[in-house]
Amino acid sequence: MTPYDQNPRVKYPLLRKVTKRVLYTGGARWCSVCDRSARKFMSFGLVPRPDARCPWCNALERHRLTVTFLRERTNLFDGAPKRVLHIAPEMQIERILREAVGDGYLSGDLNEELAMEKMDITDIQHADNSFDVVYCSHVLEHVPDDRKAMREFSRVLRPDGWAVLNVPITADKTFEDPTIEDPKERERLFGQHDHVRRYGPDYVDRLTEAGFDVEVIRPSEVAPAEQLARFGLAGVGAGEVFYCRKQTG
């Protein structure tokens with residue numbers, strides 16, 4: 001009997017790894033997060049979205065769109081020193097930001113075990129104009145006072161800085177009801193048990209009220225049409241990038 005027979009925890013991960021290589025090795029798809037090709041992306045979601053998740057790094061469409069946008073449309077990689085604040089750090093994006101700015105990177109989360117600093121985004125304990133970049137994705141739909149959090153992001157952002165503040169747009173108009181606390185009812189109305197609202201396109205209005213000029217960037221604006229399918233950005237799962245600059249004057 002071999003060690004693999006004795007310990008299925010050793011055997012099965014190896015089998016899964018080999019199976020994944022057989023199923024997904026190829027060149028039809030490209031992940032901008034891990035810079036690897038795949039025959040196809042994996043399905044993902046309660047209602048499965050095809051072509052969604054990278055088999056190698058688990059990046060979803062929104063991660064690939066964000067990284068492509070950061071590389072093509074921002075100054076993140078120009079080598080100049082920057083302070084970057086990353087809220088609720090996703091491992092796929094954390095690596096990219098750390099590599100870009102090194103010691104200038106700071107992650108924050110309400111759960112201190114998940115980030116470098118315990119942080120309540122409605123009361124950020126940093127001075128005005130502290131950061132060149134603020135990145136927060138798919139967080140604000142969890143925050144009861146999202147407007148206060150947006151104002152805090154504007155406050156700590158430097159005048160010449162920029163922020164990416166992405167949320168899922170799943171309604172024609174933003175819908176919220178703070179009296180709804182039952183997790184099952186929240187899941188029914190807002191899509192997840194820990195969501196407190198569904199955002200609509202009027203999300204931009206909230207950002208504007210908080211002190212931002214906002215540009216909504218769609219996948220077709222960061223990759224040529226012929227590349228959208230290869231990047232896995234042709235479906236609805238990619239969403240948009242909400243690129244924010246601090247209002248002046």
Original post:
Does any N or O in the side chain of T174 come within less than 3.5 Å of the main-chain N or O of D202, such that one atom is a donor and the other an acceptor?
Top reply: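 The answer is no, because no donor-acceptor pair under 3.5 Å joins these two groups.
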Original post:
Are the side chain of K118 and the backbone N or O of N111 linked by a donor-acceptor pair below 3.5 Å?
Top reply: no
Original post:
Same hydrophobic cluster for L106 and M91, using side-chain heavy-atom links shorter than 4.5 Å among ILVMFWY?
Top reply: no
Original post:
Are L60 and L228 connected, step by step, through hydrophobic side chains (Ile, Leu, Val, Met, Phe, Trp, Tyr) whose heavy atoms are closer than 4.5 Å?
Top reply: no
Original post:
What's the verdict on side chain to side chain donor-acceptor pair (under 3.5 Å) for S32 and R64, showing C-alpha distance, side-chain angles and the deciding distance?
Top reply: CA-CA 6 Å; S32 58; R64 296 192 295 274; 5.9 Å; no
**OP:** Using a strict cut-off of less than 4.0 Å between a Lys/Arg side-chain nitrogen and an Asp/Glu carboxylate oxygen, indicate whether E209 and R147 qualify as a salt bridge.
**Re:**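 Salt bridge flag = yes for R147 with E209.
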Are [X] and [Y] close enough that some pair of their side-chain heavy atoms sits under 4.5 Å apart?
| X | Y | value |
| --- | --- | --- |
| N166 | V241 | yes |
| R155 | R151 | no |
| K184 | R188 | no |
| L165 | Y203 | yes |
| Q92 | R62 | no |

Subject >> Fellow cluster residues of V196, listed by chain then number, with links counted only when side-chain atoms sit under 4.5 Å apart >> reply: none
Original post:
Cluster partners of F190, using ILVMFWY side-chain heavy atoms under 4.5 angstrom, listed by chain and number?
Top reply: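 In the cluster with F190 are F175, I180, L189.
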**OP:** Could you tell me whether R49 sits above the aromatic face of F44, with NZ or CZ closer than 6.0 angstrom to the six-membered ring centre and within 45 degrees of the axis?
**Re:** no
Original post:
Under 6.0 Å from the CG atom of D103, do we count more than 12 heavy atoms belonging to anything else shown?
Top reply: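 Result for CG/D103: open.
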Original post:
What's the spacing between N129 CG and K246 NZ if we round to 0.5 Å?
Top reply: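 Spacing of CG (N129) from NZ (K246) equals 4.0 Å.
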Original post:
How long is the gap from SG on C54 to CH2 on W30, to the nearest 0.5 Å?
Top reply: 10.0 Å
**OP:** Mind jotting down which residue pairs meet the salt bridge (Lys or Arg N to Asp or Glu O under 4.0 Å) criterion with at least one end in residues 28-45? Sequence neighbours excluded, please.
**Re:** R29-D51, D35-R71
**OP:** Would you list the pairs meeting ring pair (Phe, Tyr, Trp, His ring centres under 6.0 Å) in which at least one residue belongs to residues 58-82, sequence neighbours left out?
**Re:**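 Every ring pair (Phe, Tyr, Trp, His ring centres under 6.0 Å) pair that includes a residue of residues 58-82, provided the two are not neighbours, is F69-Y243.
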**OP:** Using the test ring pair (Phe, Tyr, Trp, His ring centres under 6.0 Å), find all partners of F41 that sit at least two apart in sequence or belong to another chain.
**Re:**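 Residues passing ring pair (Phe, Tyr, Trp, His ring centres under 6.0 Å) with F41: none at all.
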Subject >> Non-neighbouring partners of H138 that pass ring pair (Phe, Tyr, Trp, His ring centres under 6.0 Å), sequence neighbours left out >> reply: none
